[in-house]
There are 2 protein chains.
Amino acid sequence: MPTPDPACCPAFSTHVMSEATATELADLFAGLADPTRLRLLSLIVAEEEVCSCNLEEPLGRSQPTISHHTRILADLGLIIGERRGRWVYWRADRARIASVQSALQLDEQVNQR
Amino acid sequence: MPTPDPACCPAFSTHVMSEATATELADLFAGLADPTRLRLLSLIVAEEEVCSCNLEEPLGRSQPTISHHTRILADLGLIIGERRGRWVYWRADRARIASVQSALQLDEQVNQR
DNA sequence: AGTATAAATCGATGATTGTCAATATGAAAA
DNA sequence: TTTTCATATTGACAATCATCGATTTATACT
């Protein structure tokens, strides 16, 4: 009778999320990994559209900081800005936000691409 | 006839996610905002349980780095580790992961707590 | 007890990030 | 064309973080 396998666990073949997919997803989560940005997003999601000038006061951040955060969310496609005159109006891309949700089905993201 | 309101937009009362909720959620997203951690999580989610010793090779990271990442995911409650002998076996807390998903219903997170 | 080994912790380093003051850009109003 | 003002960009700084080599802790085997 052979000695039992001392290995910690049986051999198994696991599928790992690809580097590319992981990096892409991580960038999205990083965009959501800031309290100010989440509050900003919640503020925009709650309305049909919100003017930039109405963001600074409820968030308690300076104008450059707000601009910084809106840019990050916009670059990720989570919000969309439209300039009308001197003001920029922001609205949420709800489909895009929902797609981040479904990205959390991690077992279905495996080995794609 | 009075001059039209020069304001950028009509007055509105918006609900913003609370600081506390935002910080809590941001911590969770920060945990997911790293490619190595996402691949690690996908690897664990794909199996019933995975031994630590089977994580280093597919992820191409050193043992201290893997330990660092499992700790972060475990502290967030996304994975659960169980020591059996010399080895630690990890499994995903799927309910916890699903709760992060539902946290993305940002409009329902408003003003809670 | 002594050895082997799996995982955790420590210490250091290079990189990224949130923030704001100062400045620039761009569009409307006078 | 000047002036005004909403937004964007720049530069700087403190803080956080991913990573790994070295070491420690803890468990099992002899």
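Chain naming here is simple, since letters A, B, ... match the order of the sequence lines and numbering starts at 1 in each. Any value given below was found using the heavy atoms of this structure, including those in side chains, with hydrogens, waters and symmetry copies removed.
Side-chain contact, A:Trp87 with A:Ser52: no donor N or O sits under 3.5 Å from an acceptor N or O.
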Derivation of the side chain to side chain contact (heavy atoms under 4.5 Å, CB included) call for B:Val100 and B:Leu76:
CA-CA 11 Å; B:Val100 179; B:Leu76 291 171; over 6 Å; no
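Annotation for A:Ala22 and B:Arg39: closest pair CB-CG, 3.4 Å, computed over non-hydrogen atoms. In this structure, A:Ile44 and A:Val50 approach most closely via the heavy-atom pair CA-CG2, 4.0 Å. Between A:Val45 and A:Ala92 the shortest heavy-atom distance is CG2-CB, 3.8 Å.
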Any chance you could list the contact pattern along nucleotides 1-6 of chain C? Use B for base contacts, S for sugar-phosphate-only contacts and - for none, protein heavy atoms under 4.0 Å, 5' to 3'.
---BSS
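The local environment of CZ in B:Arg71 is sparse, with at most 12 non-hydrogen atoms from other residues, nucleotides or ligands closer than 6.0 Å.
Nucleic acid contact for A:Arg37: sugar-phosphate only, since backbone atoms but no base atoms lie under 4.0 Å from a heavy atom of the residue.
The shortest side-chain heavy-atom distance between B:Leu40 and B:Arg61 does not fall under the 4.5 Å cut-off.
Looking at B:Glu56, its side chain never comes within 3.5 Å of a backbone N or O of B:Ser62 through a donor-acceptor pair.
For the contact set between residues 59-69 of chain B and DNA chain D, defined by any heavy atom under 4.0 Å, the members are B:Arg61, B:Ser62, B:Pro64, B:Thr65, B:His68, B:His69.
Between chain B and DNA chain D, the heavy-atom contact criterion of under 4.0 Å yields a 5' to 3' nucleotide range of D:dA18 to D:dA28.
Distance check, rounded to the nearest 0.5 Å: CG of B:Leu59 to CD1 of B:Ile66 gives 4.5 Å.
As a whole-Å value, the separation of B:Asp75 CG from C:dA8 C1' is 13 Å.
Just one of A:Leu28, A:Leu38, A:Asp34 meets the side-chain contact (heavy atoms from CB on, under 4.5 Å) condition when paired with B:Phe29; it is A:Leu38.
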